[in-house]
Amino acid sequence: MSPQYSLVVPIYNEEDNILELHRRLRSVMDSLDGETELILIDDGSRDRSLLLMRELHEQDSRVSYLSLARNFGHQVAVTAGLNFARGEAIVVLDADLQDPPELIPEMIALWRHGYQVVYAQRTQRQKERWLKRVTAYSFYRVLRHLADVEIPTDTGDFCLMDRRIVDLLNAMPERNRYIRGLRAWVGFQQTAIQYIRDPRYAGEVKYTFSKSLALAINSLVSFSRVPLRLSTYLGLGAAAIALLMAVLVVYWRFFAPHSPLTGYATITVVVFFLGAVQLISIGILGEYIGRIYEEIKGRPLYTLSEVAGFQDHREIARNSRRSIPKEENLE
Ligand code: UDP
Ligand code: MG
């Protein structure tokens, strides 16, 4: 029989958080009105995370886990969890307890009320570096103006999704998985609950600056074509300036022959400016073309080295074109 609720938790080097996470999730799971499965996804951890996951699976029959064969990144790890989740309502949360598990019953209540997506929206972040707060704050606001769909500001991946939504996400072939965006894109009845984002329970942030930047660029490129249009606008702007300059040059030639602006310096600035505009435009084009290339290769999204706690995992793996781990690694 399939469970009523699935909890999906991506894990990358979280050895100091896993036991506490399980302790807090356990009391939430005990209080829920239906059977619950906890799916832990090891995203190629290099510490004792996988070991602890194996132990938890031994101790608690509700715990199942997947181990990706290397670090594929947070969004792919969540995607893998969603591929395997069997519940009628699926909750995604981080392993570091920044997303308080105690909110889950409230999310479920809203789901019962008829919402297909209940996402958590942070009103405050605690103990995060100011650089992270400032960049995150401004990024979500830029994205809101540029994206084709309305992606709610200050929301992460912490959410509850109905089976229908997860089936739709699973059916999306794209490799570029900005889950917050895809989740907003599907539509249906969505609602927010507000919460204060706790500090990490233990360990270091796993999202390095470069990973966050990559995620930001990904989300922009996947959900907006405005950057492509940018070069058109810049080109039009440059043309307008050139026209103005031509008029000025003629004017200076006749009326102000000693103008200091007509010399070598002007030319240098103009050449550099146009060079920069062209390089940036090529770079933007490259971002889109690179993604077309990624999509067209059609490689599987992730590879699995270990799976435990799923009876029908072979079928799931086959259906979603995932690699199937070797027999000895299986239960
Ligand atoms: N994570 C992951 N793969 C990665 C990086 C992070 O599965 O390559 C997981 C991590 O273990 C945590 C969640 O994603 O459960 C969020 O990571 P983190 O707390 O570092 O990010 P932040 O809270 O700053 O968004
Ligand atoms: Mg965190």
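Counting convention: from 1, in listed order, for ligands and their atoms alike. We number each residue from 1, following the sequence as shown.
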Please could you name the atoms of ligand 1 that R200 approaches to less than 4.0 Å, counting only its heavy atoms? 18 (P), 19 (O), 20 (O)
Out of curiosity, Y12 OH to D47 CG, how far, rounded to the nearest 0.5 Å? 9.0 Å
Among L215, L97, L40, D43, closest by any non-hydrogen atom to atom 3 (N) of ligand 1: D43
Distance col, row L234:CG vs S281:OG, nearest 0.5 angstrom, shows 6.0 Å
Can the positive tip of R141 be found less than 6.0 Å from the middle of the six-membered ring of F139, inside 45° of the ring normal? no
For ligand 1, which atoms, with element, lie under 4.0 Å from some heavy atom of E14? 10 (C), 11 (O), 12 (C), 15 (O)
With respect to P10, determine whether any N or O atom, backbone or side chain, lies less than 3.5 Å from an N or O atom of ligand 1. yes
Counting each atom of ligand 1 from 1 as listed, which ones have a heavy atom of R197 under 4.0 Å away? 22 (P), 23 (O), 25 (O)
Against heavy atoms of N71, which atoms of ligand 1 measure under 4.0 Å? 3 (N), 4 (C), 8 (O)
Going by the atom numbers of ligand 1, which of them fall below 4.0 Å from some non-hydrogen atom of G73? 3 (N), 8 (O)
Quick one: report the N, O or S atom of D96 that is nearest to the Mg ion (ligand 2). OD2
Could you label the plane-to-plane angle of the F255 and Y251 rings as parallel, tilted or perpendicular, counting under 30° as parallel and over 60° as perpendicular? tilted
Could you go through the salt bridge (Lys or Arg N to Asp or Glu O under 4.0 Å) check for R197 and D99 one step at a time? CA-CA 6 Å; R197 191 155 164 88; D99 305 330; 2.5 Å; yes
If you count every heavy atom of other residues, nucleotides or ligands that lies below 6.0 Å from E150 atom CD, does the total exceed 12? no
Around atom CZ of R112, are there more than 12 heavy atoms of other residues, nucleotides or ligands at under 6.0 Å? yes
For atom 19 (O) of ligand 1, tell me which residue out of D96, I41, L21, D157 has the closest non-hydrogen atom. D96
Going by the salt bridge (charged side-chain N to carboxylate O under 4.0 Å, His left out) test, name the single residue among R62, R24, R23 that passes it with D30. R62
Can you find a non-hydrogen atom of Q75 under 4.0 Å from ligand 1? no
With a 4.0 Å heavy-atom cut-off (strictly under), which part of E204 contacts ligand 1: side chain, backbone, both or neither? neither
Near A95, which atoms of ligand 1 are under 4.0 Å from a heavy atom of that residue? 15 (O)
